Amino acid sequence: MADQGPGLDEWRPSNYTNRFYGPTPMRVGIEKSRNLMTVRLAQTVGIEKIADTAERFGVFENEVTPTLSLALGAGETTALRLTAAYAKLVNGGKQITPTLIDRVQGRRGETLFRTDDRACENCRNVEWNGQAPPRLPDDREQIVSPGSAYQVVSMLEGVVERGTATTVSQVGKPLAGKTGTTNDYKDAWFVGFSPDLAVGIYVGFDQPRNLGGGEAGDVWPPPSSAIS
């Protein structure tokens, strides 16, 4: 039993298999989606710190109530926000802003609009004589230390290599990510990334209902009747 806070019911989380595995390295717990390990870590660290980190990564649009079930994904978000959060990890812990339109050109090729507003003084009217290409300034906010981001990326790589997302390893590239499944198999998702690309996949119904027994985030292909 876990105390969720004043006025809230007690919560009894469990692992996906309903088994208890005893002391296990945290890396293995993430690879195998061991829920109880995640909850105990949240209790030790403090759910307020976890909620603050999630907000810094932009997982939630609004401020969330720091209840313990938040550690297992009880807060509402979107596939775009979650994918962007994972992309910030693989970008070394730096802030990124997802966009739907990067650049708009006129009929003569002139730039009418661009999302990237960084200045590159050495990019124009330069004659190439074998020199290295100019480097754009990187003034993005560092929302978590590069070392911490690396550790999480390394653990998420283990999810693909040995954990719940081994099916994805068939792609044959360095990949990392995390599977997710809600109660009663109503939703399933996977967010994964390579060194240069982050992708989020969500499967569920517009009006939440059971996808089918065992239809979890690590199942492929998803149910043909579901809407992604």
Side-chain angles (χ1 to χ4, degrees), residues 1-4 8-43 47 50 54 59-60 64-65 67-86 89 152 155-173 175-194 197-228:
M1 286 283 195
D3 184 6
Q4 284 270 73
L8 298 175
D9 294 335
E10 287 190 328
W11 179 48
R12 187 188 293 273
S14 62
N15 290 322
Y16 179 80
T17 60
N18 290 320
R19 292 174 56 194
F20 177 68
Y21 296 89
T24 309
M26 180 54 63
R27 176 181 290 271
V28 176
I30 291 177
E31 292 175 358
K32 305 294 185 181
S33 287
R34 303 275 169 81
N35 291 337
L36 295 181
M37 294 181 64
T38 304
V39 173
R40 287 196 178 91
L41 178 64
Q43 285 180 310
I47 195 64
I50 294 173
V59 175
F60 305 113
V64 296
T65 303
T67 56
L68 194 56
S69 56
L70 188 66
L72 297 183
E76 282 194 5
T77 186
T78 65
L80 178 60
R81 283 183 169 275
L82 202 55
T83 305
Y86 277 69
L89 286 171
V152 176
M155 287 188 281
L156 293 177
E157 191 173 13
V159 175
V160 174
E161 293 177 349
R162 299 173 295 274
T164 57
T166 53
T167 301
V168 183
S169 63
Q170 299 175 23
V171 174
K173 293 182 61 177
L175 297 172
K178 188 70 184 72
T179 58
T181 309
T182 56
N183 293 344
D184 301 322
Y185 302 108
K186 290 183 178 179
D187 303 278
W189 56 265
F190 175 75
V191 180
F193 51 81
S194 67
L197 181 67
V199 176
I201 299 171
Y202 166 81
V203 178
F205 291 99
D206 290 343
Q207 299 299 322
R209 59 186 174 90
N210 188 283
L211 293 170
E215 297 294 352
D218 61 341
V219 174
W220 187 262
S224 59
S225 59
I227 303 170
S228 62

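Predicted model only: the values in this text are computed from it and were never measured.
Residue S194 comes nearest to K173 through the heavy atom pair OG-NZ, 4.2 Å, listed as atom of the first residue, atom of the second, then distance. The minimum heavy-atom distance between T83 and A79, with the atom names listed, is OG1-O, 2.7 Å. Minimum interatomic distance between K186 and P208 (heavy atoms only, all atoms of both residues): CD-CB, 4.4 Å. Annotation for D187 and G204: closest pair OD1-CA, 4.3 Å, computed over non-hydrogen atoms. The minimum heavy-atom distance between F190 and A165, with the atom names listed, is CE1-CB, 3.6 Å. Summarising the geometry of G177 relative to V160, their closest heavy-atom pair is N-CG2, 3.9 Å, with the distance given to 0.1 Å.
Counting heavy atoms from C-beta outward, V28 and Y21 have side chains that stay 4.5 Å or more apart. Residues L156 and Y86 have side chains in contact (heavy-atom distance under 4.5 Å, counting atoms from C-beta outward). L211 has its side chain within reach of F205: a pair of non-hydrogen atoms, C-beta onward, lies under 4.5 Å apart.
In terms of the salt bridge (charged side-chain N to carboxylate O under 4.0 Å, His left out) criterion, residue partners of R162 (sequence neighbours excluded) are, by chain and number, E31.
The CG atom of L36 sits 8.5 Å away from atom CG of L72, with the distance rounded to the nearest 0.5 Å. Once rounded to the nearest 0.5 Å, the distance linking CD1 of I47 with OG of S69 reads 8.0 Å. The line from NZ of K32 to CE of M37 is 12.5 Å long, rounded to the nearest 0.5 Å. Atoms OG1 and CZ, from T164 and R34 in turn, are 10.5 Å apart once rounded to the nearest 0.5 Å. Of the inter-residue distances, the one linking W189 atom CH2 with T179 atom OG1 reads 7.0 Å to the nearest 0.5 angstrom. Rounding to the nearest 0.5 Å gives a distance of 11.0 Å between CZ of R40 and CG of L68.
Not a single donor-acceptor pair under 3.5 Å links the side chain of T24 to the backbone N or O of G29. Side chain of N210 to backbone of D184: a donor-acceptor contact under 3.5 angstrom is found. Without hydrogens or angle criteria, T38 side chain to A71 main chain gives no donor-acceptor distance under 3.5 Å.
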Criterion side chain to side chain contact (heavy atoms under 4.5 Å, CB included) on L70 and F60, from CA distance to verdict:
CA-CA 11 Å; L70 188 66; F60 305 113; 3.7 Å; yes
Between Y202 and L82, is the side chain to side chain contact (heavy atoms under 4.5 Å, CB included) condition met? List the steps.
CA-CA 10 Å; Y202 166 81; L82 202 55; over 6 Å; no
